[in-house]
Amino acid sequence: MEIREKIIESLQEALKKIKVKKYPEVLLERPKEREHGDFSTNISFSLAKELKKSPQEIAKRLVKDIRPDSKVIERVEEAKGFINFFLTEELLFENLVEISRKEQDYGRSKMGKGERIQIEMVSVNPTGPLHVGHSRGAAFADTLANILEASDYQVEREYYINDIGTQMENLGKSLRARYLELLGEEVAFPEHGYQGEYLVEIARRLKDREGDKHREEKIEFFTQYAYSDIIESIKKDLEDFRIRIDSWKRESDLYKEGKVKEILKNLKKKGYLYEKEGALWFRSSQFGDEKDRVIRKKDGSLTYLASDIAYHEDKFKRRFDHLINIWGADHHGYVERLQAAISALGHPKKSLDIVLYQLVKLSRSGKPVAMSTRRGEFITLREVMDEVGRDVARFSFCMRSSYSHLDFDLELAKKESPENPVYYVEYAHARISSIFKKAKEGKIEKRKIQGIDLKLLHTPEEKSILKLLALFPDIITSCARSYQVHSIPNYLREVASEFHTFYNRHRVLSEDAELTQARLALVEGVRIVLRNGLRLLGIEAPQRM
RNA sequence: GCGCCUGUAGCUCAGUCUGGAUAGAGCAUCGGAUUUCUAAUCCGACGGUCGCAGGUUCGAAUCCUGCCGGGCGCGCCA
């Protein structure tokens, strides 16, 4: 049981002695001031009105009735109406033992109860390489997936490939133009063509391998060729960025399997489709969308919405308990209509969550960098990895709320790299590894934690560390609840900071053999938490730097 | 014009969901610390009308309304 729950329980016991119509929810917060305890609650304020007593009075009364579980709560105090809880040392020591016992499992919880969640992530159109904007979404989604897995959800990560439509035709036309160019023919570049250098390279590879034998080939051939080449490079990029994808779903398969037709039939049967001005419309406004949407155009071709609805119905058929889509904020206009479709199909609106992330505002030395896949102006994920490194990129992209507009300056990220938070955290880990190496060299053998007198850890620095380490599971569950990840990097920074402070004031390896053992146990706890936290971010904790 | 996100220290951002105690970090700037397990470190100082104006409340960065600035989106495009 979490510490938090234990405190809440003891408070609820005391609350029973006070008669009110409705008991307010007990909310615990972490006070900013150390003297306000380890946890505090403002519950007496919410009771004040009904009881017609001052919060101070109520708090005092509650404090008297709280029977501090001596194993958890050292003491409870009333202060200006707040109730402040101070944790016992024993609890923190016990927690350290638990960290050491659970090791890589410390921080995991049973929150999800094995529920199946599918996360749709990245899903970049296969018309060009992944660029830096996509990589924020990828890093964010992958980390969120890791967090949910650590919270006992079964997660499938899926990449949805829009591999049909006008864009693919334009891609084929563009490759054909580049190929013919290389063969010395003069061709007009297609109007909506993709101008990026990568297509020239694909054309060159095609020519080098197979010469001019595709001169008369149809567009379809070039589309397929470009598609395979690009999707392979996307897979490689994701792999190198350590993004795991479990399932690749192609839009064209939905058509082949007849699922789009099926969904139209289904919607029609339910009466959610109607003809107007030669087109077929979906009554999305009935389900909260601002207006109805076209699902089949005048020319008979289907819109994206058609296959998207089919796609989501397909997801539900695959029996997930919950769906999460991670989308760039530029797609937010699409959220309502998809939610409308989900409702129309009879699924609870809550079964699909769409988490948006704001796009990265990329700059170089303060100058904005323009991004456009079609014009071929972009910084690729590959370039970011080469330039600032995978770990810096992943950490930076996850450090902020997905809702905040992230500024990412390439030069700054490089220049500041020695002071970059990710190195700060990694450095703490490397220092600890170094201590253990040194201990080994000095023939100091770390004993089992059960036989160590942890009471020797009594300095303020040691206590802060113990308290902070105890919060780790809480941080993870709150991320899992909110579908946000930025508390992880921020928490790790805090852990590293407490460790560095401790390190500068105290020695781990000393003449005092007992104290040495206790401190080795402490820094081992820090090491485990840092490593587990970094793993959630997809970053390997280094032994040395 | 409408919709979504956003505005907190010189810069980049936590905190806003669930109102609470003196609004927190990092970077930058300035000053200090090492005969010691990694100085990619530590300690200290400086720095705030929480965009503006109202409202609700015992209490507002947090909730409500209006306004202003920034980003994104708003097609029978993809």
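A note on names: the letters A, B, ... follow the listed sequences, proteins ahead of strands, and every chain is numbered from 1.
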Given the side-chain rings of [X] and [Y], with only the six-membered ring counted for Trp, is the space between their centroids under 6.0 Å?
{"X": "H429(A)", "Y": "F499(A)", "answer": "no"}
{"X": "F82(A)", "Y": "F45(A)", "answer": "yes"}
{"X": "Y357(A)", "Y": "Y403(A)", "answer": "no"}

Once you round it to whole Å, what is the distance between [atom2] of [N] and [atom1] of [X]?
{"X": "F45(A)", "N": "G59(B)", "atom1": "CZ", "atom2": "P", "answer": "12 Å"}
{"X": "N42(A)", "N": "A60(B)", "atom1": "CG", "atom2": "P", "answer": "15 Å"}
{"X": "I83(A)", "N": "A21(B)", "atom1": "CD1", "atom2": "C1'", "answer": "14 Å"}
{"X": "N504(A)", "N": "A39(B)", "atom1": "CG", "atom2": "P", "answer": "7 Å"}

Indicate, with a heavy-atom threshold strictly under 4.0 Å, whether F436(A) touches base, sugar-phosphate, or nothing. nothing
Between Q167(A) and T127(A), do the side chains contain an N or O donor and an N or O acceptor separated by less than 3.5 Å? no
Establish, from distance only, whether the side-chain atoms of E77(A) and N84(A) form a donor-acceptor pair under 3.5 Å. no
If you restrict it to nitrogen or oxygen atoms, what contacts under 3.5 Å exist between nucleotides 34-36 of chain B and the protein, and what is each distance?
from	atom 1	to	atom 2	distance (Å)
U36(B)	O2'	R507(A)	NH1	3.4
U36(B)	O2	R507(A)	NH1	3.4

Runs of at least three consecutive Watson-Crick or G-U pairs, both distances under 3.5 Å, are what I'm after; which ones involve RNA chain B? B:1-7 with B:68-74, B:10-13 with B:24-27, B:29-33 with B:41-45, B:51-55 with B:63-67
What integer number of Å spans the P atoms of U49(B) and G10(B)? 7 Å
Go through the structure and list residues passing ring-ring contact (aromatic ring centres under 6.0 Å, His included) with F39(A), not counting sequence neighbours. none
Could you work out, with ring-ring contact (aromatic ring centres under 6.0 Å, His included) as the rule, every residue matching F397(A), not counting sequence neighbours? F408(A)
Kindly say if [X] contacts the phosphate of [N], meaning a side-chain N or O under 4.0 Å from OP1 or OP2.
{"X": "Y423(A)", "N": "A40(B)", "answer": "no"}
{"X": "K297(A)", "N": "A78(B)", "answer": "yes"}
{"X": "T501(A)", "N": "U41(B)", "answer": "no"}

Grab the N/O contacts between the protein and nucleotides 14-17 of chain B below 3.5 Å, and write none if there aren't any.
from	atom 1	to	atom 2	distance (Å)
A14(B)	OP1	S401(A)	N	3.1
A14(B)	OP1	S404(A)	OG	3.3
G15(B)	OP1	H486(A)	NE2	2.9

Set out, line by line, the N/O atom pairs under 3.5 Å between protein and nucleotides 69-74 of chain B.
from	atom 1	to	atom 2	distance (Å)
G70(B)	N2	H405(A)	NE2	3.2

